Number of protein chains: 2
Amino acid sequence: MASNAVMEETLQILKDHKLRVTPQRHIILAYLVSHHNHPTVEIIRDALGKELPNMGASTIYNTLNTFVDHHLVVELQNGDGSTHYDYFGTPHYHAICTNCGRIVDVTYPGFSDTEKGLEEKTAEISGYMISGNHMEVYGLCPECQIKLGIKNNE
Amino acid sequence: MASNAVMEETLQILKDHKLRVTPQRHIILAYLVSHHNHPTVEIIRDALGKELPNMGASTIYNTLNTFVDHHLVVELQNGDGSTHYDYFGTPHYHAICTNCGRIVDVTYPGFSDTEKGLEEKTAEISGYMISGNHMEVYGLCPECQIKLGIKNNE
DNA sequence: TAATAGATGAGAACCATTCCAATGTAATGA
DNA sequence: TCATTACATTGGAATGGTTCTCATCTATTA
Ligand SMILES: [Mn+2]
Ligand SMILES: [Mn+2]
Ligand SMILES: [Zn+2]
Ligand SMILES: [Zn+2]
């Protein structure tokens, strides 16, 4: 699906909830849709500083929290103390480097079955009414393996 | 395995790493091993206040961070702003209530296979050298379902 | 156009966690 | 046993990401 179609579809979700599509919300969403870098508020602020120099930090937090509330975006922690945000258009999970904090997307055929199985088992056992899940796998990214001398640079 | 056997085994891990088994570390570990309430630092502090009234908050943080570094304890977030800690003796994952924050343990036969499969797939796809994973499932706990009128109290 | 509700922005406030320096205590070795 | 060294605890200060407050601004509705 084209990036602007994703945008339109997502913005419609906001409209459906009587939320206004402001320039700030539009530009933040566009940034998230077009970048897969799992940015922090600070990174978003720096990246959008040229287009909207006066955008307040509160606005970025408010906007991202709104997106999270509507399940358009997920929050991630990589241990660096700040929250990372991820436009969650396509189901996937994350591998997070315990050394440098790098977060990469992962998915594979059959992943959604695994996910669904986990949710069903959990509902059955715990009695919870399931609304979602987070899976994260931790380890050393390829670059840190080299940096730390664990893997040879070939 | 008896609780004191678990304690001994865990304390030995500290000794093996040349870490001293102080009264503070001992009492905090004992609390975690014998409670499955996924406590915060504040909860631990309140619970142990009678036994060690002068224990500093820094000590609790230091101790828990040490345990986490040695993979004896895992950290959990439930959205209430503070970190929750869990003695991770037996592999399991968590169901977290999005309304009240309640965290419950879940496991089932075959869970470790699911877990292992996820780690192997991830290593293969991402090139990461895997050291662990976190799985969390979100939803409404049974009590909140009733409280919110979603499920009838039978 | 008037009235209302929703959104932004600057800075203050919050608060969980970390940092720091002083003090205390266990391990080591002569 | 004494001296030395390394590890740990403590209380308080500092940090810093996030939330809160409120005046201002803008979109929506009637
Ligand atoms: Mn992602
Ligand atoms: Mn648990
Ligand atoms: Zn890395
Ligand atoms: Zn609940």
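The sequence lines fix the lettering, A, B, ..., with proteins before strands; numbering per chain opens at 1. Computed from a predicted model, the values in this text were never measured in an experiment.
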**Prompt:** Would you say the base of D:dG17 and the side-chain of A:Thr40 have a donor-acceptor pair closer than 3.5 Å?
**Reply:** no

**Complete:** When B:His92, B:His35, B:His36 are each screened for side chain to side chain donor-acceptor pair (under 3.5 Å) with B:Asp86, the one that passes is B:His92

**Message:** Would the distance check show the side chain of B:Asn78 and the main-chain N or O of B:Gly101 forming a donor-acceptor pair, the cut-off being under 3.5 Å?
**Reply:** yes

**Prompt:** With respect to the phosphate group of C:dT17, does any side-chain polar atom (N or O) of B:Thr83 fall under 4.0 Å of OP1 or OP2?
**Reply:** yes

**Request:** Return no unless some side-chain N or O of A:Asn65 is found under 4.0 Å from OP1 or OP2 of D:dT19.
**Result:** yes

**Request:** Using a heavy-atom cut-off of under 4.0 Å over every strand shown, decide if A:Thr59 touches base, sugar-phosphate, or nothing.
**Result:** base

**Prompt:** Of B:Lys18 and A:Asp80, whose nearest nucleotide on DNA chain D comes first from the 5' end?
**Reply:** B:Lys18

**Item:** Candidate nucleotides D:dT18, C:dC19, D:dT9, ranked by approach to the side chain of B:Arg25 - the nearest
**Value:** D:dT9

**Message:** Can you tell me which nucleotide in C:dG9, D:dT10, C:dA7 comes closest to the side chain of B:Ser58?
**Reply:** D:dT10

**Message:** Please classify the nucleic acid contact of A:Glu42 as base, sugar-phosphate, or nothing, using heavy-atom distances under 4.0 Å.
**Reply:** nothing

**N/O (side chain, B:Tyr61) to phosphate O (OP1/OP2, C:dT17) under 4.0 Å** = yes

**Asked** Using a cut-off of less than 4.0 Å, is there contact between a side-chain N or O of B:Thr22 and OP1 or OP2 of D:dT9?
**Response** yes

